[in-house]
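The structure displayed is predicted, hence computed values, not measured ones. All values below come from the heavy atoms of this structure, side chains included, with hydrogens, waters and symmetry mates left out.
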Amino acid sequence: MSSSFLSMGGYAAYVWGSFGVFVLVLVWNIVTPALRRRSVIQQLAEGQSEKDDD
(Lines give C-alpha, C1' and ligand atoms only; values in the text may rest on other atoms or scores of the structure.)
Protein backbone atom coordinates (compact mmCIF):
# COMPACT_ATOMS: atom_id res chain seq x y z
CA MET A 1 0.00 0.00 0.00
CA SER A 2 1.19 3.46 -0.72
CA SER A 3 1.60 6.03 2.01
CA SER A 4 -0.60 8.48 0.09
CA PHE A 5 -3.50 6.04 0.40
CA LEU A 6 -2.96 5.68 4.14
CA SER A 7 -2.56 9.43 4.69
CA MET A 8 -5.79 10.13 2.73
CA GLY A 9 -4.55 13.49 1.52
CA GLY A 10 -4.05 14.82 5.04
CA TYR A 11 -7.43 13.66 6.32
CA ALA A 12 -6.29 10.29 7.64
CA ALA A 13 -7.27 10.98 11.25
CA TYR A 14 -10.85 11.76 10.23
CA VAL A 15 -11.18 8.97 7.69
CA TRP A 16 -9.61 6.20 9.77
CA GLY A 17 -11.27 7.49 12.94
CA SER A 18 -14.65 7.35 11.24
CA PHE A 19 -13.89 3.89 9.94
CA GLY A 20 -12.92 2.77 13.46
CA VAL A 21 -16.14 4.14 14.96
CA PHE A 22 -18.14 2.42 12.22
CA VAL A 23 -16.51 -0.94 12.96
CA LEU A 24 -17.03 -0.46 16.70
CA VAL A 25 -20.75 0.28 16.22
CA LEU A 26 -21.10 -2.64 13.82
CA VAL A 27 -19.58 -5.06 16.33
CA TRP A 28 -21.73 -3.56 19.12
CA ASN A 29 -24.87 -4.11 17.01
CA ILE A 30 -23.96 -7.76 16.52
CA VAL A 31 -22.80 -8.59 20.06
CA THR A 32 -25.49 -6.82 22.11
CA PRO A 33 -28.52 -8.69 20.71
CA ALA A 34 -26.66 -12.00 20.99
CA LEU A 35 -25.93 -11.37 24.67
CA ARG A 36 -29.48 -10.20 25.31
CA ARG A 37 -30.85 -13.32 23.58
CA ARG A 38 -28.69 -15.54 25.76
CA SER A 39 -29.92 -13.73 28.87
CA VAL A 40 -33.58 -14.05 27.87
CA ILE A 41 -33.20 -17.75 27.09
CA GLN A 42 -31.54 -18.30 30.47
CA GLN A 43 -34.32 -16.39 32.27
CA LEU A 44 -36.99 -18.39 30.46
CA ALA A 45 -35.25 -21.65 31.34
CA GLU A 46 -35.07 -20.65 35.01
CA GLY A 47 -38.76 -19.73 34.97
CA GLN A 48 -39.66 -23.03 33.36
CA SER A 49 -37.66 -25.02 35.92
CA GLU A 50 -39.43 -23.18 38.74
CA LYS A 51 -42.79 -24.14 37.20
CA ASP A 52 -41.68 -27.76 36.99
CA ASP A 53 -40.79 -27.74 40.69
CA ASP A 54 -44.35 -26.72 41.69
Side-chain angles (χ1 to χ4, degrees):
M1 272 192 222
S2 68
S3 63
S4 63
F5 173 74
L6 294 177
S7 69
M8 297 285 175
Y11 297 102
Y14 302 109
V15 172
W16 294 113
S18 298
F19 184 73
V21 169
F22 163 74
V23 170
L24 186 67
V25 169
L26 188 66
V27 169
W28 179 264
N29 281 328
I30 292 171
V31 170
T32 302
L35 293 175
R36 186 171 297 149
R37 180 180 184 272
R38 183 181 297 172
S39 174
V40 167
I41 290 172
Q42 183 179 5
Q43 289 173 357
L44 289 173
E46 288 172 359
Q48 188 66 29
S49 67
E50 288 176 5
K51 266 189 173 177
D52 292 342
D53 292 342
D54 290 341

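Put simply, L6 and F22 are part of the same group of oily side chains (I, L, V, M, F, W, Y) that touch within less than 4.5 Å, one to the next.
Rounding to the nearest 0.5 Å gives a distance of 12.0 Å between CD1 of I30 and CG of L35.
Among R36, Q42, Q43, the single residue meeting the side chain to side chain contact (heavy atoms under 4.5 Å, CB included) criterion with S39 is Q43.
Taking the six-membered ring where the residue is Trp, W16 and F19 present perpendicular rings, their angle passing 60° and hence far from 30°.
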